[in-house]
Amino acid sequence: QVSLMESGGGSVQAGGSLRLSCRAPAATYRTYCMAWFRQAPGKERELIAAIDTVGRTTYAESVKGRFTISRDKTKDNLFLQMEDVKDDDTAVYYCAADRNDYCRVVTSPTLANYFWGQGTRVTVSA
């Protein structure tokens with residue numbers, strides 16, 4: 001089991017910015033590729049960004065060019081920098097450790113093979 005704790009969610013106006021954080025033991029980032037998912041009301045959980053153990057990143061088309069996944073130097077934190085947010089970005093955002101070893105954004109990830117945080121809610125208002 002891996003302990004993941006997200007923070008940074010809240011309300012933001014459309015066009016604004018928000019940074020989400022995920023705290024995990026440093027060893028987590030050496031062992032697992034990491035990802036951010038989101039789940040909007042009434043929709044399936046969506047994989048939106050992934051980072052591998054050497055820092056390579058991939059993104060879903062829905063967020064490419066607006067969101068950035070990164071780790072800090074100590075590797076205790078994973079971030080999702082959200083820019084130019086839109087109404088469709090309203091969702092609960094989840095940090096996840098990837099036991100599948102996809103290490104990239106894929107269309108139909110096997111959700112059971114991720115360790116999950118509890119989620120942090122982001123609400124975008126007009």
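Side chains are part of it too, since the values below use all heavy atoms of this structure and drop only hydrogens, waters and symmetry mates.
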From [X] [atom1] over to [Y] [atom2], what is the distance, rounded to the nearest 0.5 angstrom?
X	Y	atom1	atom2	value
Arg56	Cys103	CZ	SG	8.0 Å
Ser21	Leu78	OG	CG	8.5 Å
Ile69	Thr57	CD1	OG1	7.5 Å

If you define the side chain from C-beta out and look only at heavy atoms, does anything of [X] sit under 4.5 Å from [Y]?
X	Y	result
Gln81	Ser17	yes
Leu4	Met34	yes
Ile51	Trp36	no
Met82	Leu20	yes
Val105	Ile48	no
Arg121	Thr123	yes

Between [X] and [Y], which heavy-atom pair has the shortest distance, and what is it?
X	Y	result
Lys64	Glu61	NZ-OE2, 2.8 Å
Ala97	Thr28	CB-CG2, 4.4 Å
Tyr32	Val2	CE1-CG2, 3.6 Å
Thr120	Gly9	OG1-N, 3.0 Å
Ser62	Glu46	OG-OE2, 3.1 Å
Pro25	Asp76	C-OD1, 4.4 Å

Expected output: side-chain [X] to main-chain [Y] donor-acceptor under 3.5 Å:
X	Y	value
Arg99	Ala112	yes
Arg66	Asp84	yes
Thr31	Ala27	yes
Thr90	Val124	yes
Glu6	Cys95	yes

### Message
Using ring centroids (six-membered ring only for Trp), state whether Phe37 and Trp116 fall under 6.0 Å.
### Response
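Ring centroids of Trp116 and Phe37 are less than 6.0 Å from each other.
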### Query
Using the benzene-type ring in the case of Trp, are the ring centres of Tyr114 and Tyr94 under 6.0 Å apart?
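No, the ring centres sit 6.0 Å or more apart.
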### Message
Leu111 vs Arg45, test: side-chain contact (heavy atoms from CB on, under 4.5 Å). Steps then yes/no.
### Response
CA-CA 9 Å; Leu111 301 184; Arg45 196 165 293 192; 4.2 Å; yes
### Query
Where do Gln13 and Ser125 land on the side chain to side chain donor-acceptor pair (under 3.5 Å) test, with the steps shown first?
CA-CA 5 Å; Gln13 287 192 326; Ser125 58; 5.1 Å; no
### Task
Mind running side chain to side chain donor-acceptor pair (under 3.5 Å) on Tyr29 and Arg71 for me, showing each step along the way?
CA-CA 9 Å; Tyr29 304 115; Arg71 298 180 305 215; over 6 Å; no
### Task
Decide side-chain contact (heavy atoms from CB on, under 4.5 Å) for Thr58 and Asp52; before the verdict, give the C-alpha distance in whole Å, the side-chain angles of both, and the deciding distance to 0.1 Å.
CA-CA 9 Å; Thr58 57; Asp52 69 12; over 6 Å; no
### Query
Are more than 12 heavy atoms from other residues, nucleotides or ligands located less than 6.0 Å from atom CD of Gln118?
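Yes, because the 6.0 Å sphere around CD of Gln118 holds more than 12 heavy atoms from other groups.
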### Derivation of the side-chain contact (heavy atoms from CB on, under 4.5 Å) call for Leu47 and Val106
CA-CA 7 Å; Leu47 173 54; Val106 297; 4.1 Å; yes
### Task
Report yes or no: is the cationic atom of Arg19 (NZ for Lys, CZ for Arg) under 6.0 Å from the centre of the six-membered ring of Phe79, at an angle within 45° of the ring normal?
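Yes, a cation-pi geometry.
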#### Entry: Val92-Leu80 co-clustered via ILVMFWY side chain contacts under 4.5 Å
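No, because Val92 and Leu80 fall into different hydrophobic clusters, even though each may have its own neighbours under 4.5 Å.
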### Query
For Thr110 and Tyr102, does a side-chain donor sit closer than 3.5 Å to a side-chain acceptor?
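The criterion, which ignores hydrogens and geometry beyond distance, is satisfied for Tyr102 and Thr110.
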